[in-house]
Asks: 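Below: one structure in structure tokens.
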Amino acid sequence: MFSKSILNWYNENKRDLPWRNKPEAYFVWLSEIMLQQTRVAQGLPYYLRFVEEFPTVHDLAEASQEKVLKLWQGLGYYSRARNLHDTAKVVSVNFGGIFPNNYKDLKKLKGVGDYTASAIASIVYHEPVAVVDGNVYRVLSRFFGVETPINSTEGVKQFKALATKMLAEKSPGLYNQAIMEFGALHCKPKNPQCVTCPVQSNCIAFQQNKAGELPVKLKKQKVRERFFNFLVFQDVKGQMLLQKRVEKDIWQHLYQFPLIESKHNLTLAEIKKTALLDNEKKVLQSIKRWNENPIKHVLSHQKIWAIFWCVEVKKLPENIQNTQQIVNKQELVKFAVPVLMEKFINSKNG
DNA sequence: AAAACGGGGAA
DNA sequence: TTCCCAGTTTT
């Protein structure tokens, strides 16, 4: 009944979009390529300019690449435009302007993957193949309460199978467009309209109030690179300066040597120029770099390059910040420190 | 299996 | 800011 409800919703609520009037392969193909990872509102003006400029696939095939790219300018993912143009030439010249009429052959075209081949095959040729785009992932994961990450190998397989199972075989093209439209307009990523949802009563996410947590998506967490320059102060009595990390960051509440973070690891000259205060310079006896090459320290989401600078001073500063304290080097072991610090300390003692 | 590829709109 | 959009191709 899910599919029937979605189809009914579609009949009542669908947008009037130009490629929907009377599905022809060329227009459906063009719109699908343009709407890959692109909102309808953003792609629509481009679509209108393209069909105006290139009414048939032959017109597109015969255009220069410069002209195609110029018309594509601002839409992003520019390899789409090149693939579009290449495919237009193939269809125009090799296929006499006729697009392949089935999923398998459509998928061979440049820029046509699983989604686009399914969309064209179902919408134009009524082949019962299910589309799985961002909308379908969202709607199905919520309705069935599926928590498999949509960008995992397992998730891709599972959702394609589920979408295929739900496909309304009598009208696959309409159904595919319906579930996507429903996802785009009603079962939205943020603030889905559950209160007026036609399939509310059978929706797992609604029943368990977890629409906001679905679909599950693996974070692609980019690894941030950071450059740490530790200043290991030590006076003639073996006293050292330690400070607590209080900022909202890694290693919160752990202790460390005074740290200068920079865009790149600093040189000795830069340390002297920027890192040392005037009164520290006055009591400075020697400063030398402990590790020749920066130590790489990898966290789940960060890569840290660290250099320890051993700074010998006659005496440590009198007035220190309230996050800092002066400790004897024998006492260091009492403080919680990051592993990166611990390794340095152990190597000095051992 | 993961990265690269764009730009804009919404919260 | 972060997320995500009618994904595909390359590494």
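Letters go in sequence order (proteins before strands), and every chain restarts at 1.
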Asks: Can you run down the side chain to side chain donor-acceptor pair (under 3.5 Å) pairs that involve residues 25-48 of chain A, sequence neighbours left out, and say none if there aren't any?
Replies: A/Glu32-A/Tyr115, A/Gln36-A/Thr116, A/Thr38-A/Arg80
Asks: Output the rounded distance in Å from CG (A/Leu218) to P (B/dA3).
Replies: 11 Å
Asks: Could you tell me whether A/Gly43 contacts a base, only the sugar-phosphate backbone, or nothing, with contacts defined as non-hydrogen atoms closer than 4.0 Å?
Replies: nothing
Asks: How many Å lie between OH on A/Tyr78 and C1' on B/dC5, as a whole number?
Replies: 11 Å
Asks: Ring centroids only, cut at 6.0 angstrom: are A/Phe182 and A/Trp9 within range, meaning strictly under it?
Replies: yes
Asks: Evaluate the side-chain proximity of A/Leu35 to A/Trp19: yes if any heavy-atom separation is below 4.5 Å, no if none is.
Replies: yes
Asks: Take atom P in B/dA11 and the same atom in C/dA6, then report the distance between them in whole Å.
Replies: 14 Å
Asks: Look at all strands and tell whether A/Ile33 reaches a base, only sugar-phosphate, or nothing, counting heavy atoms closer than 4.0 Å.
Replies: nothing
Asks: Mind checking salt bridge (Lys or Arg N to Asp or Glu O under 4.0 Å) for A/Glu318 and listing every partner two or more places apart, or none if nothing turns up?
Replies: A/Lys315
Asks: Tell me which pairs pass ring pair (Phe, Tyr, Trp, His ring centres under 6.0 Å) where either residue lies in residues 118-142 of chain A, with sequence neighbours left out.
Replies: A/Tyr137-A/Phe159
Asks: When the nearest nucleotide of DNA chain B is assigned to A/Gly76 and to A/Glu154 on a heavy-atom basis, which residue is associated with the more 5' position?
Replies: A/Glu154
Asks: NZ of A/Lys188 versus P of B/dA11: gap in Å, rounded?
Replies: 6 Å
Asks: Please report the distance separating the C1' of C/dT8 from the corresponding atom of B/dG9, rounded so that it comes out in whole Å.
Replies: 23 Å
Asks: Tell me which of A/Leu75 and A/Asn191 sits closer to the 5' end of DNA chain B, going by the nucleotide each one is nearest to.
Replies: A/Leu75
Asks: Linking Ile, Leu, Val, Met, Phe, Trp and Tyr by side-chain heavy atoms under 4.5 Å, what else ends up with A/Val129?
Replies: A/Tyr103
Asks: Output all residues satisfying side chain to side chain contact (heavy atoms under 4.5 Å, CB included) with A/Lys170, sequence neighbours left out; order by chain, then residue number.
Replies: none
Asks: Do nucleotides 3-11 of chain C as a string where each nucleotide becomes B, S or -: B if the base has a protein heavy atom under 4.0 Å, S if just the sugar-phosphate does, - if no protein is that close.
Replies: -BBBBSS--
Asks: Please measure how far the P atom in B/dG6 lies from the corresponding atom in C/dT11, and state the result in whole Å.
Replies: 14 Å
Asks: Using whole Å, report how far CD of A/Gln193 lies from C1' of B/dA11.
Replies: 14 Å
Asks: Can you check the A/Gln73 CD to B/dG8 P distance for me, whole Å?
Replies: 11 Å
